[in-house]
Amino acid sequence: MKKSVLMAAVLATALLGTSIASRAAALVASIDVSTQTMTVSKYGQVLYRWNVSTARRGYFTPRGSYRPQWTARMWYSRKYDNSPMPYSVFFRGGYAIHGTGAVKYLGRPASHGCVRLHTANAATFYSMVKEAGYGNTRIVVTD
């Protein structure tokens, strides 16, 4: 009898722990528009902090909490002169986190609304999203 109760308690704890873990995002990208930085955390541990460029004057980077909608290793903007968007992680319609060759602008607003970062960092983030999965990734954009 004691063995059955102990086994049931262990099983319940395992199931409860799994359901709580599955609801939390394993991978979180926090974009702070005021500091033009992106902090990447996995299971609550900060792994990276990178300079980014968000929307310049006259454009807008959407604020809020999102999950990735889709990814593209290489995308070309249909809206802005076929501009290359390597390692794109789209989080709201046409808005994405992606690499840029305009690294001299990182750390200040310069984009049409996307979150731009160094292409090597974009490749790292892209790989992390692919590994974690869309459902286990959260993108949070704040002022």
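Residues take their numbers from the sequence shown, with the count starting at 1.
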For Q69, does the CD atom have more than 12 heavy-atom neighbours from other residues, nucleotides or ligands under 6.0 Å away?
-> yes
For residues R67 and G135, report the shortest heavy-atom separation together with the two atoms involved.
-> NH1-O, 3.0 Å
Above 12 or not: heavy atoms from other molecules or residues under 6.0 Å from CG of D81?
-> no
What distance separates T39 OG1 from R49 CZ, expressed to the nearest 0.5 Å?
-> 3.5 Å
Examine V141 and V28 and state if one hydrophobic cluster contains both, with Ile, Leu, Val, Met, Phe, Trp and Tyr joined whenever side-chain heavy atoms are less than 4.5 Å apart.
-> no
Which heavy atom of G107 sits nearest a heavy atom of N51, and at what distance?
-> N-CB, 3.9 Å
So CZ of R56 and CZ of R108: to nearest 0.5 Å the spacing works out to 12.0 Å
Tell me, which pairs form a side-chain hydrogen bond (donor to acceptor under 3.5 Å, both in side chains) where one or both residues lie in residues 84-106, sequence neighbours left out?
-> R73-Y87
Name the orientation class of the two ring planes belonging to Y80 and H112 (parallel below 30°, tilted from 30 to 60°, perpendicular beyond 60°).
-> parallel
Pairwise distance NZ(K79) to CG(N82) - rounded to 0.5 angstrom | 14.5 Å
State plainly whether one hydrophobic cluster holds both Y134 and Y43, where clusters connect Ile, Leu, Val, Met, Phe, Trp and Tyr through side-chain heavy atoms under 4.5 angstrom apart.
-> no
Closest non-hydrogen atoms of C114 and T61, given as atom of the first, atom of the second and distance, are O-OG1, 4.2 Å
Shortest non-hydrogen contact between A55 and P109, atoms and distance | O-CB, 3.2 Å
CZ of R138 to OG of S41: how many Å apart, nearest 0.5 Å?
-> 14.0 Å
Report yes or no: do D32 and S34 form a side-chain donor-acceptor pair below 3.5 Å?
-> yes
I31 with L106, same ILVMFWY side-chain cluster at under 4.5 Å | no
L117 and A122: which non-hydrogen atoms are nearest, and at how many Å?
-> CD1-N, 3.7 Å
Just say parallel, tilted or perpendicular for the rings of F90 and W70, cut-offs at 30° and 60°.
-> parallel
Do Y66 and I97 share a hydrophobic cluster (ILVMFWY, side-chain heavy atoms under 4.5 Å, transitive)?
-> yes
Apply side chain to side chain contact (heavy atoms under 4.5 Å, CB included) to the pair N121 and M38, showing each step before the final yes or no.
-> CA-CA 10 Å; N121 297 337; M38 178 169 132; over 6 Å; no
Verify the distance criterion only: is there a donor paired with an acceptor across the side chains of T54 and Q36 at less than 3.5 Å?
-> yes
Does the side chain of F91 reach to within under 4.5 Å of the side chain of P62, using non-hydrogen atoms?
-> yes
Would a hydrophobic clustering, with Ile, Leu, Val, Met, Phe, Trp and Tyr connected at side-chain separations under 4.5 Å, put M128 with I139?
-> yes
